[in-house]
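One structure is given below, encoded as structure tokens.
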2 protein chains.
Amino acid sequence: MANLKQLSEKLGLSQTTISRALNGYPEVSEATRRRVIEAAREHDYEPNSSARRLATGKSRTIGHVVPISHHDMINPHFTDFIAGAGAVYNRRGYDMLISVVDSAQEAATYRALKRNGRVDGIIVHAPIVRDPRPAMLRKLGLPFVVHGRTLDDEASYAWVDVNNCRAFREATQHLIGLGHRRIALVNGLEHMAFAQRRREGYESALREAGIAVDGTLMSSDEMIEPAGYEAMRRFLALAEPPTAVLCASALSALGVMGAAREDNLLPGTGISIICYDDCLSFLDIGPDGMGLTVMRSAIREAGEHCASMLIDRIEGRQTAGRILLEAKLIEGRSTARCRPAPGRRAAHKAPATPG
Amino acid sequence: MANLKQLSEKLGLSQTTISRALNGYPEVSEATRRRVIEAAREHDYEPNSSARRLATGKSRTIGHVVPISHHDMINPHFTDFIAGAGAVYNRRGYDMLISVVDSAQEAATYRALKRNGRVDGIIVHAPIVRDPRPAMLRKLGLPFVVHGRTLDDEASYAWVDVNNCRAFREATQHLIGLGHRRIALVNGLEHMAFAQRRREGYESALREAGIAVDGTLMSSDEMIEPAGYEAMRRFLALAEPPTAVLCASALSALGVMGAAREDNLLPGTGISIICYDDCLSFLDIGPDGMGLTVMRSAIREAGEHCASMLIDRIEGRQTAGRILLEAKLIEGRSTARCRPAPGRRAAHKAPATPG
DNA sequence: TGCATTATCCAAAGCCCTTTGAGCGGGTGT
DNA sequence: ACACCCGCTCAAAGGGCTTTGGATAATGCA
């Protein structure tokens, strides 16, 4: 059974009644409703989605615009975020539209999505320090929720974020408490707002403890394995290398550990490592998995929150405009009391050795 | 400017003419077309997508149904596949619809997508050995392309796959050529067709070389880090552990190397490793990155092929019904000639030590 | 019994576009 | 001069749904 009309003829009811019965309106008797629902199931009828969209003016679709970086890379944390958001969309009857676009096209894509009504709302990913997107989307009149928040005007839009500043502050304090004073930070790209906040937390903890902030102990790059490796190589080549490292992502931690190992530094004995743990489903770095000490907050949950909040706003429901999640510090076996530096092995300049 | 009617009034032309001008039909003079296009840009007009879909009966949308496994996990290789497919969609004016559903809902989801016309076609992910989806989608009349192929009826539908059998055969032969005879396989889940083929390739190479296939040297699990770790622990606890390992994914390789390291086995010296490399953008395990010897075929390209092929079919264009990509063996520093087994260190039974 | 509700259901308008079938003026061929 | 075709444009008919504004029958109340 393809369409309403046919079903209405079969049932001897008007299209109106059927539509109402199916959509739960009260103007139809329960008996009729049951009859209609039964017939719909039997004849495998479901309203055509384009027609319904046209009639209602709602697309019941949420857009995610994913800019491809110069590396042709999609942020790997995206998968788990999507898993969370997607589950909510599914539950609440929304579709997820993903636009993979060149970074330069991002603004144009939002405009297009609005112009031709393909989406009811947008999730904004990876906000940078001063991000033009919130203002732009507001002007477009497209509902949106930001995953993360910008540094300048966080009060002016809805967001879901982790308290990154606090997380990195506490992690740093934890290391300081263990006696470490040479603490390195392998950060994400610092034009990203969250990375900025993480550094802020890290630096404030150092300052509080009277430890000078040392630029050579900080790196900022894509949060992927190779970047972590390179950063750690650099740290280890310093005259006075760090005894502890703070890592912004499980992926970079892999690289960091790889580089450390080349100098025979094992986490927990040779070097202390704390890593931010998004609970990537394909990589368990925490105590139950690879055993690292982590600051943990599941990115999948952030995805769920973003999706719920956005749908609530689209449907005009009341909602908290912002959610600040707290990461939890979970001790693993990668952190230990700082020991006086042993005789160091020379840092190889040779290319990476596997393992 | 919101809609066609308004624009037509403004221009003093009929809606027909404007529609045709914008859609490139020949019945409209070039002068008029230019005028219309100019006006459309100026007034920021673009046809409403729902209306257009309704009128044409096409959604210009491709669906990806992503079942969430029991681990609440989305296959991490998905990200890069999506990056490839998404770029093609974008270029050719299609939308990407992603449905994150419980595995049990998958079939129902396809039916629903078809029933209410939300998609013009489907990409089928991760086919299992005998997969009901091709037959089902064919019956539904929903165009589709399979990423990979089933074992039973690969001739009956369109697919894009890697020659997994050949890849693993060659990799195994390579190791045999280096003198290895105890070669382990850390495979993906073997109800997946591709994993089955990989094992086939591996076993056939062994048999050809007169090496007995040993079930204790094979594992089959999710292709993620923890699974690789566990598998390798098991291998290393054997009376006669492997001297070489074949790995189905970069993620499992991480786990494998982690476990190996705990026994002081380093890739290339203590143990030989060849890993299948999908070119995950966030993890470069190949010679230029972590240095492993790999069989390489970019999953992103598979995504591009799938997307192109599907769109071609939807639009009635002629197309090769199947594409078999060949993985390339690239030597890194993780493979070496087999040396007589040294005195082995005891395999710890303790829980994983980080590093 | 009579009037006002209430409970059900319906016809038709509207959402915005594409596409069919036609019309109209001007140029061509003969 | 006639018929014919071509190039350009248009009115109108869908496409399948939701929703407005009634209509009709059944019920409540006096």
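Note on naming: letters A, B, ... go to the chains in the order of the sequence lines (proteins, then strands), and numbering restarts at 1 for each one.
- Among the nucleotides D:dT20, D:dT9, C:dC17, the one closest to the side chain of B:L13 is D:dT9.
- Under a 4.0 Å N-O distance rule, the pair A:E38/A:R41 qualifies as a salt bridge.
- For A:L7 and C:dC10, the CG to C1' distance is 16 Å, given to the nearest whole Å.
- Nearest to the side-chain atoms of B:L54 among the listed nucleotides C:dC10, C:dT19, D:dG15 stands D:dG15.
- Taking 4.0 angstrom as the limit, A:Y25 places none of its side-chain polar atoms (N or O) nearer than this to OP1 or OP2 of C:dA7.
- Of the candidate nucleotides C:dT20, C:dC17, D:dT19, C:dT20 has the atom nearest to the side chain of B:R20.
- When each of D:dC17, C:dC17, C:dC10 is scored by its nearest atom to the side-chain atoms of A:S14, the top-ranked nucleotide is C:dC10.
- Within 4.0 Å of A:G12, counting heavy atoms only, lie sugar-phosphate atoms of the nucleic acid but no base atom.
- Using a 4.0 Å heavy-atom cutoff across all strands shown, B:T32 reaches sugar-phosphate atoms only and no base atom.
- Ion pairing between a basic and an acidic side chain is recognised when a charged N comes within 4.0 Å of a carboxylate O; B:D120 and B:R60 show no such pairing.
- Minimum atom distance to the side chain of A:V28 is reached by C:dC9, of the listed C:dC9, C:dT18, C:dC17.
- Counting to the nearest Å, the P atom of C:dG14 and the CG atom of B:N3 are 14 Å from each other.
- Regarding contacts with the backbone of C:dC10, a side-chain N or O of A:T17 is found under 4.0 angstrom from either OP1 or OP2.
- Of the candidate nucleotides C:dC9, D:dT18, C:dC17, C:dC17 has the atom nearest to the side chain of B:Q15.
- The existence of a salt bridge linking A:E315 and A:R92 is confirmed by a sub-4.0 Å separation between a basic side-chain nitrogen and an acidic carboxylate oxygen.
- In this structure, the NZ atom of A:K5 is 13 Å from the P atom of C:dA12, given to the nearest Å.
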Criterion ring pair (Phe, Tyr, Trp, His ring centres under 6.0 Å) on B:H64 and B:Y89, from CA distance to verdict:
CA-CA 12 Å; B:H64 293 248; B:Y89 295 152; 5.8 Å; yes
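- Listed nucleotides C:dT19, C:dC17, C:dA12 differ in distance to B:T56; the shortest reach to its side chain belongs to C:dT19.
- Rounded to an integer number of Å, the gap from A:L22 CG to D:dG16 C1' is 14 Å.
- As a whole-Å value, the separation of B:I18 CD1 from C:dC17 P is 10 Å.
- Atom CZ of A:R118 and atom P of C:dC16 are 17 Å apart (whole Å).
- Under the 6.0 Å cut-off for aromatic ring centres, B:F78 and A:F78 do not qualify, their centroids lying 6.0 Å or more apart.
- For B:N23 and C:dT18, the shortest distance from a side-chain N or O to OP1 or OP2 is below 4.0 Å.
- In this structure, B:H125 has its ring center closer than 6.0 angstrom to the ring center of B:F81.
- Listed nucleotides C:dA12, D:dA12, D:dT9 differ in distance to A:T16; the shortest reach to its side chain belongs to C:dA12.
- Counting only heavy atoms from C-beta on, B:S29 has its side chain closest to D:dT9 among C:dC10, D:dT9, C:dT19.
- Here D:dA26 presents its P atom at 19 Å from CD of A:E27, a figure rounded to the nearest Å.
- The side chain of B:A55 lies closest to C:dC17, out of C:dC10, D:dC10, C:dC17.
- Atom CG of A:L4 and atom C1' of D:dT19 are 13 Å apart (whole Å).
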